[in-house]
Amino acid sequence: MDSLKFNKVFAGILMAGLMALTGIKVAEILVPHKKLASNAYPIEVTEVASSSSAAEAPAGPEPVLALLANADAAASEKLAKKCTACHVFEAGGKNKVGPVLWNIVNADKGAVDGFGYSTALAEFGGGWDYAALNQFLYKPKAYISGTKMNFAGLKKQKDRANMIAYLRSLADAPAALPTDVEIAAEMAN
Ligand code: HEC
């Protein structure tokens, strides 16, 4: 290779390098590397106002003991229809999807003969006193996580009181009504 040819080749390589550099510079000017204040394509995330809704929701069911003595029998009968898809209320009735609910107030949990309870309910322990029924009927799956009673619950305080008063009436010897002391204690909780 003579020196003239070498110079030409060398100049060519130099030019190519310069042009590449210029290209990069021009590209930088046209598309500056600048941090954007916000995403060019904002990602929409629906805000879940968890804190505010949690603050509004009551911590648990409102007390019902004070209402039991003056329950509305007609309203109770109506409410009971919400249960009859799965339960019968008569003494000696047949278990359906759920157990017979005769004489359930103050009975042990999960103790109706011949009914196949969920492990969750069978092992929960304790009896169905008024407070337990109030919790369970408010939101069954919150009170006994894993229960197979697929029922959303009775959200209204009055409804639960009327329902529990009705359950109380379904016995040869209905359980005693709560005393003033018990009512006051429940209110204080
Ligand atoms: C979709 C069917 C269904 C409906 C509706 C339903 N229940 Fe139940 N209930 C069940 C099942 C199933 C169980 C047994 C749960 C378990 O074993 O976990 C049960 C259990 C119970 C128990 C506990 C019984 C025990 O022996 O420990 C009570 C109390 C009860 N239900 C009351 C009610 C009342 C009151 C209503 C109406 C307001 C109602 N249920 C509506 C299916 C239902």
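In this text the structure is predicted, and so the values were computed from the model without any measurement. Whatever order the structure lists ligands and atoms in, that order sets their numbers, starting from 1.
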Chemist: Lys148 to ligand 1: N or O pair under 3.5 Å?
Modeler: yes
Chemist: At a non-hydrogen distance cut-off of under 4.0 Å, which region of Leu137 contacts ligand 1 (side chain, backbone, both, or neither)?
Modeler: side chain
Chemist: Taking only heavy atoms of Lys109 into account, list the atoms of ligand 1 that are under 4.0 Å away from them.
Modeler: 27 (O)
Chemist: Suppose I only count heavy atoms of Thr147 and a 4.0 Å limit; which atoms of ligand 1 are within that range?
Modeler: 15 (C), 16 (C), 18 (O)
Chemist: List every atom of ligand 1 that sits less than 4.0 Å from any heavy atom of Ile104, numbering the atoms from 1 in the order shown and giving each element.
Modeler: 24 (C), 25 (C), 26 (O)
Chemist: Which of the atoms of ligand 1 are close to Lys82, meaning less than 4.0 Å from one of its heavy atoms?
Modeler: 5 (C)
Chemist: Which pairs count as ring pair (Phe, Tyr, Trp, His ring centres under 6.0 Å) when at least one residue sits in residues 63-107, sequence neighbours excluded?
Modeler: Phe89-Tyr166
Chemist: Run the contact test for Gly110 against ligand 1 with a 4.0 Å cut-off on heavy atoms, strictly below, and give the result.
Modeler: yes
Chemist: Show the atoms of ligand 1 that are less than 4.0 angstrom away from any heavy atom in Trp128.
Modeler: 23 (C), 24 (C), 25 (C), 27 (O)
Chemist: Can you find a non-hydrogen atom of Leu133 under 4.0 Å from ligand 1?
Modeler: yes
Chemist: Please list, in chain and residue-number order, the protein N/O/S atoms closer than 2.8 Å to atom 8 (Fe) of ligand 1.
Modeler: His87 NE2, Met149 SD
Chemist: Hey, does Tyr117 come in under 3.5 Å of ligand 1, counting only N/O atoms on both sides?
Modeler: yes
Chemist: For residues 76-83, please give each side-chain donor-acceptor pair under 3.5 Å, one per line with the distance, not counting sequence neighbours.
Modeler:
| from | atom 1 | to | atom 2 | distance (Å) |
| --- | --- | --- | --- | --- |
| Ser76 | OG | Asp72 | O | 2.9 |
| Ser76 | OG | Asn162 | O | 2.9 |

Chemist: Around atom NZ of Lys156, are there more than 12 heavy atoms from other residues, nucleotides or ligands closer than 6.0 Å?
Modeler: no
Chemist: In this structure, are over 12 heavy atoms from other groups packed under 6.0 Å from Lys148 atom NZ?
Modeler: yes
Chemist: Hey, does the Lys NZ or Arg CZ of Lys155 hover above the aromatic six-ring of Tyr138, less than 6.0 Å from the centre and inside 45° of the axis?
Modeler: yes
Chemist: Verify, without hydrogens or angle tests, whether Tyr117 (side chain) and Val112 (backbone) share a donor-acceptor contact under 3.5 angstrom.
Modeler: yes
Chemist: Give every donor-acceptor pair under 3.5 Å between a side-chain atom in residues 140-147 and any protein atom, sequence neighbours left out.
Modeler:
| from | atom 1 | to | atom 2 | distance (Å) |
| --- | --- | --- | --- | --- |
| Lys141 | NZ | Thr147 | O | 3.2 |
| Lys141 | NZ | Asn150 | OD1 | 2.6 |
| Tyr143 | OH | Lys109 | NZ | 3.3 |
| Thr147 | OG1 | Met149 | N | 3.2 |

